Amino acid sequence: MKSILLLSVITSVNRTMRPTRRFVVFLEKMFPYRFLAAKVTRVPFMRGLVDRMLFKQTHLTVIPKESVVEINPEKSIQPPDNIVLPSEVVEYFIRKTHYRFIMNFCLCREANQCKNHPIEFGCLFLGEAARGINPEFGKEATLEEAVAYVQKCRAEGLIHLIGRDKIDETWLGVGSDGKLLTICNCCNCCCLWKMLPDLDPQISAKVKRMPGVEVTVTEKCTGCGTCVEICFVRAIRIEQGQARISEDCRGCGRCADQCPQKAIRVTINDDLFLQKTIERIE
């Protein structure tokens, strides 16, 4: 019942008013029930309804953690200064847009009272629709401020999700015509999208890994389970003393970063990964 109430309230706000901090407090109280709301999508007659309310035209790409990414490892690559990095996708869109809005809080981390990462490192929103965000939630940013901000978020260990997010359009009350681009700065402990495994597969597929990204387990694996604990989409399990990564992996790279044995590799094996990611988002 609470999950249905959450869905109905969020969608009604989009049509009736600009959300306030009081509404944010309500969302944060309901935040733990997101997993129940996600499971509702697995009920056949509810899937289409919830999809239209909160996920229609959602299309997000996970940007892998650069400190662990190997780009074309089997090839003779360019000198380091010339290597194209995954984060250039984010900075491409920051430079392309005319309006940038930095949130002064992360709803997910604030709701969970996160102890691992700064709560004030919220999303960065781009595009004309971002002009409609309640100014109490953050501030307009220059190009330079926005670029510096995402660099600071990456240095904190946060992972970018970039693309169109119907949930953000809805709770922020900025309309649903596709003029808002979301750049989430996510931690594995509080992220909204930890509900991905509970969503209907047709909906969860709207959050994708970057084109060309592959995550593999090497013979160094001892089956310690660290990767299982760190995976925010429950895509890793231990079988016969070895980590096994399923197709549900979104390629964030946290497992490779935290593996004590350095037994997990994150590679990008597509020379056109940057171009393909930009085209996907555009």
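All values derive from a computational prediction rather than experimental measurement. Residue numbers start at 1 and run along the sequence shown.
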Undergrad: Going by atom types alone, do Tyr149 and Glu144 pair a side-chain donor with an acceptor below 3.5 Å?
TA: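 Per modelled atom types, Tyr149 and Glu144 side chains form no pair under 3.5 Å.
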
Undergrad: Count I, L, V, M, F, W, Y as connected when their side-chain heavy atoms are under 4.5 Å apart, and connections chain through other members. Are Tyr33 and Val24 then in the same cluster?
TA: yes

Undergrad: Does Asp51 pair with Lys206 as a salt bridge, N-O distance under 4.0 Å?
TA: yes

Undergrad: Transitively linked via ILVMFWY side-chain contacts under 4.5 Å: Trp171 with Val25?
TA: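 No, it is not one cluster - the side chains of Trp171 and Val25 are not joined through contacts under 4.5 Å.
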
Undergrad: Determine whether Ile162 and Ile281 make a side-chain contact, defined as any pair of heavy atoms from C-beta on separated by less than 4.5 Å.
TA: yes

Undergrad: Could you see if Val266 belongs to whatever hydrophobic cluster contains Val228? Use Ile, Leu, Val, Met, Phe, Trp, Tyr and a side-chain cutoff under 4.5 Å.
TA: yes

Undergrad: For a 4.5 angstrom cut-off between non-hydrogen side-chain atoms, does Ser87 reach Val150?
TA: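 No, their side chains stay 4.5 Å or more apart.
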
Undergrad: To the nearest 0.5 Å, tell me how far Leu196 CG sits from Cys191 SG.
TA: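 Result: 7.5 Å between the selected atoms.
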
Undergrad: Regarding Lys39 and Asp200, does a basic nitrogen lie under 4.0 Å from an acidic carboxylate oxygen?
TA: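 Looking at Asp200 together with Lys39, the answer is no, because their closest N to O distance does not fall below 4.0 Å.
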
Undergrad: Determine yes or no for a side-chain-to-main-chain donor-acceptor pair under 3.5 angstrom, with Glu282 supplying the side chain and Glu279 the backbone.
TA: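 Not a single qualifying donor-acceptor pair exists.
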
Undergrad: Would you say the side chain of Ile102 lies within less than 4.5 Å of the side chain of Phe125, judging by non-hydrogen atoms?
TA: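 Sidechains of Ile102 and Phe125: no contact.
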
Undergrad: Please give me the minimum heavy-atom distance between Arg209 and Gly251, naming the atom from each residue.
TA: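 Scanning both residues completely, I find the closest heavy atoms to be CB-N, 4.1 Å.
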
Undergrad: Who pairs with Arg280 by side chain to side chain contact (heavy atoms under 4.5 Å, CB included), at least two apart in sequence or on another chain?
TA: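 Here the qualifying residues are His59, Thr61, Lys208, Pro211.
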
Undergrad: Pair Phe26, Arg22 - check side-chain contact (heavy atoms from CB on, under 4.5 Å), show working.
TA: CA-CA 7 Å; Phe26 167 77; Arg22 179 177 294 182; over 6 Å; no

Undergrad: So if I apply the side-chain contact (heavy atoms from CB on, under 4.5 Å) rule between Thr41 and each of Val50, Leu54, Leu49, Asp198, which one comes out positive?
TA: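 Of the listed residues Val50, Leu54, Leu49, Asp198, the side-chain contact (heavy atoms from CB on, under 4.5 Å) partner of Thr41 is Val50.
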
Undergrad: Which residues satisfy the salt bridge (charged side-chain N to carboxylate O under 4.0 Å, His left out) test with Glu128, sequence neighbours excluded?
TA: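 With neighbours one apart ignored, the set is Arg131.
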
Undergrad: Is there a donor-acceptor pair closer than 3.5 Å between any side-chain N or O of Thr97 and the backbone N or O of Ile94?
TA: no

Undergrad: Please say yes or no: joined through hydrophobic side-chain contacts below 4.5 Å, possibly via intermediate residues, are Ile230 and Ile236 part of one cluster?
TA: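 No, Ile230 does not connect to Ile236 through the hydrophobic network.
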
Undergrad: Do side-chain atoms of Arg250 reach the backbone of Val207 as a donor and acceptor pair under 3.5 angstrom?
TA: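 Yes, because the side chain of Arg250 sits within donor-acceptor range (under 3.5 Å) of the backbone of Val207.
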
Undergrad: Between Arg154 and Glu91, is the closest basic N to carboxylate O distance under 4.0 Å?
TA: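 Yes, Glu91 and Arg154 are salt-bridged.
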
Undergrad: Do the side chains of Pro201 and Arg42 get nearer than 4.5 Å, heavy atoms only?
TA: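 SC-SC contact between Arg42 and Pro201 confirmed.
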
Undergrad: Is it true that a side-chain atom of Arg34 and a backbone atom of Phe31 form a donor plus acceptor pair closer than 3.5 Å?
TA: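 Answer holds: yes.
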
Undergrad: Starting at CZ of Arg164, measure out to CG of Leu180 and round the result to the nearest 0.5 Å.
TA: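 Atom-to-atom, Arg164:CZ and Leu180:CG are 9.0 Å apart.
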
Undergrad: Under a 4.5 Å cut-off applied to non-hydrogen side-chain atoms, are Leu199 and Phe55 in contact?
TA: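 Side-chain contact under 4.5 Å: yes.
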
Undergrad: Heavy atoms only: give me the nearest Glu66-Pro86 pair and the separation to one decimal.
TA: OE2-N, 3.4 Å

Undergrad: Distance-only, no hydrogens or angles: does the Thr182 side chain make a donor-acceptor pair with backbone N or O of Cys184 under 3.5 Å?
TA: no

Undergrad: To the nearest 0.5 angstrom, please state how far the SG atom of Cys187 sits from the CG atom of Asn112.
TA: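 It is 7.5 Å, given to the nearest 0.5 Å.
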
Undergrad: Hey, does the side chain of Arg237 reach the backbone of Arg244 with a donor-acceptor pair shorter than 3.5 angstrom?
TA: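 Answer holds: no.
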
Undergrad: Identify the heavy atoms of Cys221 and Ala243 that sit nearest to each other, and give their distance.
TA: SG-N, 3.3 Å

Undergrad: Which heavy atom in Cys249 sits nearest to a heavy atom in Val215, and how many Å separate them?
TA: SG-CG2, 3.7 Å

Undergrad: Could you state the interatomic distance from CG (Leu158) to NE2 (His117), rounded to the nearest 0.5 Å?
TA: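 Nearest 0.5 Å value for the CG-NE2 distance: 5.5 Å.
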
Undergrad: Are the side chain of Asn185 and the backbone N or O of Phe121 linked by a donor-acceptor pair below 3.5 Å?
TA: no

Undergrad: Salt bridge check, Glu110 against Arg21: does any charged N sit closer than 4.0 Å to a carboxylate O?
TA: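 Yes.
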
Undergrad: Is there a side-chain contact between Glu140 and Glu145, using heavy atoms and a 4.5 Å cut-off?
TA: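 When only atoms from C-beta onward are counted, Glu145 and Glu140 do not touch, as no gap falls below 4.5 Å.
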
Undergrad: In Å and rounded to the nearest 0.5 Å, what is the NZ to SG distance from Lys194 to Cys189?
TA: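 Lys194 NZ to Cys189 SG: 7.0 Å, rounded to 0.5 Å.
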
Undergrad: Report yes or no: does Arg109 contribute a side-chain atom to a donor-acceptor pair with the main-chain N or O of Leu107 at less than 3.5 Å?
TA: no

Undergrad: Kindly compute the distance separating CD (Gln258) from CD1 (Ile264), expressed to the nearest 0.5 Å.
TA: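 So the CD of Gln258 and the CD1 of Ile264 are separated by 10.5 Å.
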
Undergrad: So if you build clusters from Ile, Leu, Val, Met, Phe, Trp, Tyr with side-chain heavy-atom gaps below 4.5 Å, do Val40 and Met30 land together?
TA: yes

Undergrad: Might you point out which heavy atoms bring Val69 and Pro64 nearest each other, and give the distance in Å?
TA: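 What the structure gives for the nearest pair is CG2-CB, 3.8 Å.
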
Undergrad: Output yes when a side-chain donor or acceptor of Arg265 lies under 3.5 Å from a complementary backbone atom of Val217, and no otherwise.
TA: no

Undergrad: Under the side-chain contact (heavy atoms from CB on, under 4.5 Å) criterion, do Val62 and Trp193 qualify, and how do the steps go?
TA: CA-CA 11 Å; Val62 178; Trp193 295 106; over 6 Å; no

Undergrad: Test side-chain contact (heavy atoms from CB on, under 4.5 Å) on Cys259 and Asp257 and set out the steps.
TA: CA-CA 6 Å; Cys259 176; Asp257 184 56; over 6 Å; no

Undergrad: Less than 4.5 Å apart, any side-chain heavy atom of Met103 and any of Phe101?
TA: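 Heavy-atom side-chain distance check passes, below 4.5 Å.
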
Undergrad: Looking at every heavy atom in both Val89 and Phe93, which two are closest together, and how far apart are they?
TA: O-CD1, 3.2 Å

Undergrad: Decide yes or no for Glu214 and Asn269: does some side-chain heavy atom of the first lie under 4.5 Å from some side-chain heavy atom of the second?
TA: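 When only atoms from C-beta onward are counted, Asn269 and Glu214 do touch, with a gap below 4.5 Å.
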
Undergrad: Pairing donors with acceptors under 3.5 angstrom, does anything connect the side chains of Thr20 and Glu136?
TA: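 Thr20 vs Glu136: no donor-acceptor pair found between side chains.
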
Undergrad: Hey, mind stepping through Lys276 and Asp270 against salt bridge (charged side-chain N to carboxylate O under 4.0 Å, His left out) and telling me if it holds?
TA: CA-CA 9 Å; Lys276 289 180 178 179; Asp270 188 336; 2.6 Å; yes

Undergrad: Count the heavy atoms of every other residue, nucleotide or ligand shown that sit under 6.0 Å from NZ of Lys262, and state whether that count exceeds 12.
TA: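 Above 12, so yes.
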
Undergrad: Walk me through it: do Ile167 and Thr58 pass the test side-chain contact (heavy atoms from CB on, under 4.5 Å)?
TA: CA-CA 8 Å; Ile167 291 177; Thr58 289; 5.7 Å; no

